[in-house]
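One structure is given here, and the rest of the page talks about it.
In what follows, chains are A, B, ... by sequence order, proteins preceding strands, each numbered from 1. FYI, side chains are in, hydrogens and waters are out, and symmetry mates aren't considered; it's all heavy atoms of this structure.
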There are 2 protein chains.
Amino acid sequence: MKLDQKDIQILNLLQNNARLSNKEVAAELDIAPSTCHERLKRLTREGFFKAFNADLNLKKLGINVQVIVAIRLKKHEREIINSFIKRIRTLKGVIKFYHMAGDTDFMIHIGVKDSDDLRSFILDKLANFSYIDHIETAMIFYDECVCNLSIFESEN
Amino acid sequence: MKLDQKDIQILNLLQNNARLSNKEVAAELDIAPSTCHERLKRLTREGFFKAFNADLNLKKLGINVQVIVAIRLKKHEREIINSFIKRIRTLKGVIKFYHMAGDTDFMIHIGVKDSDDLRSFILDKLANFSYIDHIETAMIFYDECVCNLSIFESEN
DNA sequence: CGTGAAATGCGGAGTTA
DNA sequence: TAACTCCGCATTTCACG
């Protein structure tokens with residue numbers, strides 16, 4: 001499917017403000033709400049959006065510790081990878097994970113209440129996955145979604 | 001501010017489906033739309049939402065290469081960190097970044113069209129920041145937002 | 001719960017090939 | 001004519017006080 005400039009503008013707008021109403025998007029693009037609505041529906045139908053996420057203020061929710069846990073597995077068969085991913089999805093505290101090429105197989109971004117919870121996360125929840133070879137934890141001072149995709153270049 | 005179970009449900013719902021209408025959220029919680037509307041407004045007013053992001057299907061946008069660039073700086077004065085963060089925010093291709101404690105100072109999640117773009121990103125855009133000591137790049141096979149915060153534990 | 005506003009779907013107009 | 005894209009309008013549905 002071909003995207004024109006208007007489509008790209010819609011994607012770009014919603015990327016950083018996913019709760020904009022159709023009317024607001026239309027006003028921004030300077031087209032009629034009905035037109036905008038059709039485009040938005042089409043983009044959704046065609047699968048251009050993977051999800052719409054609310055980025056919560058974790059501090060206000062008592063989540064004061066954020067870390068990246070880097071994990072190396074002993075084996076890399078697809079089956080083991082898949083079952084590890086399934087496991088990750090169920091673990092409370094997981095915010096995002098990356099399956100990587102290279103020395104580290106997985107990087108998991110987790111958020112917990114305090115260092116006790118972190119300890120429990122790693123020792124009780126993670127380390128008992130039998131194929132884990134190595135775990136390394138690094139604290140996050142600050143993280144930010146930038147969402148500055150190169151396809152939106154022409155708008156600057 | 002105190003959050004009750006309904007508030008937490010609202011946060012949890014919107015976290016993974018930020019474009020739900022007020023009516024839909026209300027139906028899910030089994031409360032009146034007007035009640036839900038007030039709670040949602042209150043949560044917004046009190047700053048529980050940092051942002052609402054659309055998670056785009058990067059493959060469909062021609063962004064075929066995603067990597068994590070791990071960066072170590074030569075110095076760690078606040079001024080240098082801040083100016084590096086400012087720089088990161090302007091770079092096309094940046095999706096998310098983490099400011100870390102430990103050996104690596106920054107991890108930047110970037111998405112580009114192909115390996116040529118990656119090369120250009122690192123050599124032309126990144127490496128000319130004078131305080132960079134070391135850059136390491138690792139390819140992302142797959143990444144996923146899980147958003148499985150521990151405060152939502154009680155709902156399972 | 002009522003009012004005003006927005007979402008949604010349709011027919012038609014303008015454009016291009 | 002056929003294929004597209006947009007808009008205006010009418011109806012349903014929703015936000016919000």
> Testing R72(B), K74(B), K75(B) for salt bridge (Lys or Arg N to Asp or Glu O under 4.0 Å) with D133(B), which one passes?
Replying inline: R72(B)
> Parallel, tilted or perpendicular: which fits the ring planes of H99(A) and F106(A), with parallel below 30° and perpendicular above 60°?
Replying inline: parallel
>> Is N22(B) close enough to dA15(D) that one of its side-chain N or O atoms is under 4.0 Å from OP1 or OP2 there?
In response: yes
>> Once you apply a heavy-atom cut-off of 4.0 Å, does E38(A) come out as touching a base, just sugar-phosphate, or nothing?
In response: base
> Tell me: CD of Q5(A) to P of dT5(D), nearest whole Å?
Replying inline: 15 Å
> Rounded to whole angstrom units, what separation is found between the CZ atom of R39(A) and the P atom of dA7(C)?
Replying inline: 17 Å
> What nucleotide among dA7(C), dC7(D), dA15(D) has an atom nearest to a side-chain atom of H37(B)?
Replying inline: dA15(D)
>> On the side chain of S34(B), is there an atom forming a donor-acceptor pair with the base of dG17(D) - under 3.5 Å, no angle test?
In response: no
> Counting just side-chain N and O atoms, does R42(A) come under 4.0 Å of either OP1 or OP2 of dT5(D)?
Replying inline: no
>> In whole Å, I'd like the distance from the CZ atom of R19(B) to the C1' atom of dC14(D).
In response: 14 Å
>> Looking only at the side chain of S21(B) (C-beta and beyond, no hydrogens), which of the listed nucleotides dC14(D), dG8(D), dC6(D) gets closest?
In response: dC14(D)
>> Rounding to an integer number of Å, can you tell me how far L40(B) CG sits from dC14(D) C1'?
In response: 14 Å
> Taking the nucleotide of DNA chain C with the closest heavy atom to each, which residue, K23(A) or K41(A), is nearer the 5' end?
Replying inline: K23(A)
> Under a single-linkage definition using a 4.5 Å side-chain heavy-atom cutoff for Ile, Leu, Val, Met, Phe, Trp and Tyr, are L118(A) and I68(A) assigned to the same hydrophobic cluster?
Replying inline: no
> Can you tell me how far P of dC16(D) sits from CZ of R45(B), to the nearest Å?
Replying inline: 13 Å
>> Side chain of I31(A) only, heavy atoms from C-beta on: which candidate in dC7(D), dG17(D), dA7(C) is closest?
In response: dC7(D)
>> Whether the E38(A) and T35(A) side chains hold a donor-acceptor pair (N or O, under 3.5 Å, no angle test) is what I'd like checked.
In response: no
